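These numbers come from a predicted model, not from an experiment. Residue numbering restarts at 1 for every chain, and letters A, B, ... go by the order of the sequence lines.
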Protein chains: 2
Amino acid sequence: MDCQPANCCGARVDCAGCEARPLALCGALKAADVQVMGSIAYPRKLDAGKQLIHEGDPADDVFTLTDGMLKLYKLMPDGRRQITGFMIPGDFIGLAYGQSYVYSAEAVTPSTACRFRRSALLDKMAEYPELEHRLLSLASNELAAAQAQMLLLGRKSARERLASFLLGLASRRGVGEGDAMPLPMSRSDIADFLGLTIETVSRAFTVMRKERLISLPDKHSVIIDDHDALRDAAGD
Amino acid sequence: MDCQPANCCGARVDCAGCEARPLALCGALKAADVQVMGSIAYPRKLDAGKQLIHEGDPADDVFTLTDGMLKLYKLMPDGRRQITGFMIPGDFIGLAYGQSYVYSAEAVTPSTACRFRRSALLDKMAEYPELEHRLLSLASNELAAAQAQMLLLGRKSARERLASFLLGLASRRGVGEGDAMPLPMSRSDIADFLGLTIETVSRAFTVMRKERLISLPDKHSVIIDDHDALRDAAGD
DNA sequence: CACCAGAATTGATGTGGGTCAATGCCGGCC
DNA sequence: GGCCGGCATTGACCCACATCAATTCTGGTG
């Protein structure tokens, strides 16, 4: 779905109106330089379930997610899957100073990303050091998140994992107590992110609902009813 | 043990003779600029078991490990611990664009690190963009390692975890089949890195020894006797 | 609106690794 | 060289979560 007539090969990316920009790599640039990244960006739309990158493929392109949600994951030969993160607008995908992608990425919801040639990005980074600075800051945050996830996977119970996951999502999305929070990913995605099975995730949801920590208006939204109690349940 | 008479406040750090330099942040600089980082470095020696940084403390200093081994870890209030990585010479510690350290670091063996004030490093990075570039590359590698570790913690069996751990160590250290590899950390550290208990780690070692995949000449060394079989045991 | 296929929930049972406990081993110290 | 204390190993038992197996729910379609 790359390079559609409507938004490519002529029409450039509309960076000025991009909601993800303040959070994203491009947000590092001063207002006057808005078009610097836009001039090397190729917009790409993805339907839900479509793959953006494939682990092991040559990493020639990198991306900034502008809309939707992606999951990043690693697979084992026998099909076991670990989702290493869910990406939201502003997140950068493809960071890896090796030859190849070290994970796959797939759209959870219909998504839009800005594609850059890695080489073009490197050129721009040499010219605008604030880009590299921002990328380092994005990478640091991801690393901190990865370390928190290692603690979760290595040491937390199923209940603690689910509670931590919901709190983490809520804080990233800026959703407060009592607000409905979209939960676009499937139970199977949640399980593969938390290192559990679908059944265990489902049971943990049910228990928390019965304890009135959360409500589940439908399968793709949650309401955190008791934030403090959920924090306790998260274990830290 | 900061700022000892012998190597501080007068005698500067000997960067030219530093074995870790090619791998480390400072290795990004051209030979002519060897002293750039040395001029802002404070050497710090740590006995085994001593803490370098403490999760939650203000992150005013950052470090390059030049000798020895550190473990990075996160603790839960009830004492559960997850070791997120073992650092070897050349590794950078303290990366985190927040106010505070997001993990603690403790010496596994007697170690030496170069301490930098974060602010001084930021100044040098503004002046020498190749420093920031190198730091980004170090961060990317760490992120890739973190993602591999998430797969390990979320989806691998005890046996697969131990096999992966030994292979990872061997490749980082450049140790081949049949060579004795130092294993400076305790069984308890290995367990906390792999999300297991001491007992399970011990049993997995015993099984692999009986299967002749490895030998254990003493508690702090391993020999990989059958690299291919160990790869199979690692699951990917 | 009824049907249907895939997703989620719920229940029954199994098991890998945790827990608790005893024993073995090694290295530092007198 | 013998003693001692902490780490590692081994064994017996248990439990949280996985696995296997029905239902139940839901949203998309003719």
Do any pairs count as a salt bridge (charged side-chain N to carboxylate O under 4.0 Å, His left out) and have a residue in [range], sequence neighbours left out, and if so which ones?
range	result
residues 50-60 of chain A	A:Glu55-A:Lys74
residues 88-106 of chain A	A:Lys71-A:Glu106, A:Asp91-A:Arg172
residues 224-236 of chain A	A:Lys156-A:Asp236
residues 194-211 of chain B	B:Arg159-B:Glu211

Quick check: do A:Tyr42 and A:Asp61 have side-chain heavy atoms less than 4.5 Å from each other?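 Side-chain contact under 4.5 Å: no.
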Rounded to whole angstroms, how far apart are [atom1] on [X] and [atom2] on [N]?
X	N	atom1	atom2	value
A:Lys219	C:dT9	NZ	P	6 Å
B:Asp192	C:dG18	CG	P	11 Å
A:Leu196	C:dT9	CG	P	14 Å

Listed partners of A:Arg187 passing salt bridge (charged side-chain N to carboxylate O under 4.0 Å, His left out), at least two apart: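 A:Arg187 satisfies salt bridge (charged side-chain N to carboxylate O under 4.0 Å, His left out) with no residue once adjacent residues are dropped.
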Just to verify, what does B:Glu19 make a side-chain contact (heavy atoms from CB on, under 4.5 Å) with, not counting sequence neighbours? none
Members of residues 197-214 of chain B that approach DNA chain C, where some heavy atom sits under 4.0 Å away: B:Thr197, B:Glu199, B:Thr200, B:Arg203
Mind listing the residues from residues 229-236 of chain B sitting with a heavy atom below 4.0 Å of DNA chain C? Number order is fine.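 None - not one residue of the stretch has a heavy atom sitting under 4.0 Å from the strand.
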Terminal axes of the helix from C:dC1-D:dG30 to C:dC30-D:dG1 (five pairs each): angle between them, nearest 10 degrees: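 Here the helix ends are tilted 40° relative to one another.
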Sort and list the pairs that fulfil ring pair (Phe, Tyr, Trp, His ring centres under 6.0 Å) and have at least one residue in residues 216-236 of chain A, not counting sequence neighbours.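 Sorted result for residues 216-236 of chain A: empty, none.
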Roughly how far apart are B:Ile88 CD1 and B:Thr66 OG1, rounded to 0.5 Å? 12.5 Å
I'd like the 5' and 3' limits of the part of DNA chain D contacted by chain B, with heavy-atom contacts below 4.0 Å.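 Nucleotide range with atoms under 4.0 Å of chain B: D:dA8 to D:dA12.
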Qualifying side chain to side chain donor-acceptor pair (under 3.5 Å) pairs with a residue from residues 139-150 of chain A, counting only residues at least two apart or across chains: none
